[in-house]
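Below: the structure, in structure tokens.
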Amino acid sequence: MVYKERTFFGTDPGDAAANQPADLETRVADTLAAMRDIDVSDVTVVSRGNTIVLSGFISSLEEADRAVEAATSVEGVDEVDNQMTIPEMRT
């Protein structure tokens with residue numbers, strides 16, 4: 001597992017006001033970046049209204065599930081469209 005340093009300071013992104021749609025994408029991205037148990041460095045967060053689209057690469061199905069759960073937990077998110085893929089492991 002990859003443990004990353006905290007990338008935001010100050011107010012927890014989950015505490016931000018939910019009635020600012022322009023901030024929704026940023027709040028979800030900050031929430032994902034703060035998660036120490038998954039590597040979301042190759043994940044892109046796009047907001048389409050109150051729907052969040054997560055795309056890019058993630059290490060495992062379990063990490064993808066945790067990322068979707070975290071994105072869903074952000075106030076103002078109605079739906080998460082999971083378009084993340086797990087790279088094929090080559091030996």
Side-chain angles (χ1 to χ4, degrees):
M1 295 202 158
V2 175
Y3 293 97
K4 300 186 300 186
E5 289 187 35
R6 198 173 149 174
T7 57
F8 70 92
F9 299 95
T11 305
D12 183 357
D15 294 339
N19 60 356
Q20 301 173 2
D23 290 336
L24 187 58
E25 184 176 302
T26 301
R27 289 187 288 122
V28 170
D30 286 347
T31 298
L32 293 176
M35 296 183 69
R36 299 185 62 90
D37 60 339
I38 64 173
D39 179 12
V40 292
S41 58
D42 292 324
V43 173
T44 302
V45 178
V46 176
S47 175
R48 294 192 177 125
N50 288 357
T51 298
I52 294 295
V53 179
L54 300 177
S55 60
F57 297 103
I58 195 138
S59 299
S60 68
L61 182 58
E62 292 80 19
E63 286 190 7
D65 290 342
R66 286 196 299 268
V68 168
E69 184 178 329
T72 303
S73 73
V74 174
E75 189 174 349
V77 174
D78 292 336
E79 183 180 356
V80 176
D81 181 4
N82 179 3
Q83 297 182 6
M84 294 179 286
T85 57
I86 302 168
E88 189 176 309
M89 299 299 288
R90 296 186 180 166
T91 57

Membership question, hydrophobic clusters at under 4.5 Å side-chain separation (ILVMFWY): are [Y] and [X] in the same one?
X: Met84; Y: Val53; answer: no
X: Ile52; Y: Phe57; answer: no
X: Val45; Y: Val68; answer: yes

(request) Could I get the full list of side chain to side chain donor-acceptor pair (under 3.5 Å) partners for Glu79, not counting sequence neighbours? (result)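 Side chain to side chain donor-acceptor pair (under 3.5 Å) list for Glu79, sorted by chain: empty.
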
(request) Can you sort out the partners of Asn82 under side chain to side chain donor-acceptor pair (under 3.5 Å), two or more places apart, ordered by chain and number? (result)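 If we apply the side chain to side chain donor-acceptor pair (under 3.5 Å) test to Asn82, skipping adjacent residues, there are no hits.
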
So, for [X] and [Y], which heavy atoms are closest and what is the spacing to 0.1 Å?
X: Ala71; Y: Leu32; answer: N-CD2, 4.4 Å
X: Glu75; Y: Arg27; answer: O-NH1, 3.0 Å
X: Ile86; Y: Ser60; answer: CD1-C, 3.4 Å
X: Ile58; Y: Val43; answer: CD1-CG2, 4.2 Å
X: Glu63; Y: Asp39; answer: OE1-N, 3.6 Å

(request) Can you measure from CE (Met35) to CG (Asp30) and round to the nearest 0.5 angstrom? (result)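 Reported value, rounded in 0.5 Å steps: 13.5 Å.
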
(message) With rounding to the nearest 0.5 angstrom, report the CG to CD distance, Asp37 to Glu62.
(response)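 Spacing of CG (Asp37) from CD (Glu62) equals 11.5 Å.
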
(request) State whether the number of non-hydrogen atoms from other residues, nucleotides or ligands found under 6.0 Å of Gln83 atom CD is greater than 12. (result)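 It does: Gln83 CD has more than 12 such atoms within range.
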
(message) Just to verify, what does Thr44 make a side-chain contact (heavy atoms from CB on, under 4.5 Å) with, not counting sequence neighbours?
(response)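 Result, side-chain contact (heavy atoms from CB on, under 4.5 Å) vs Thr44: Val46, Ser55.
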
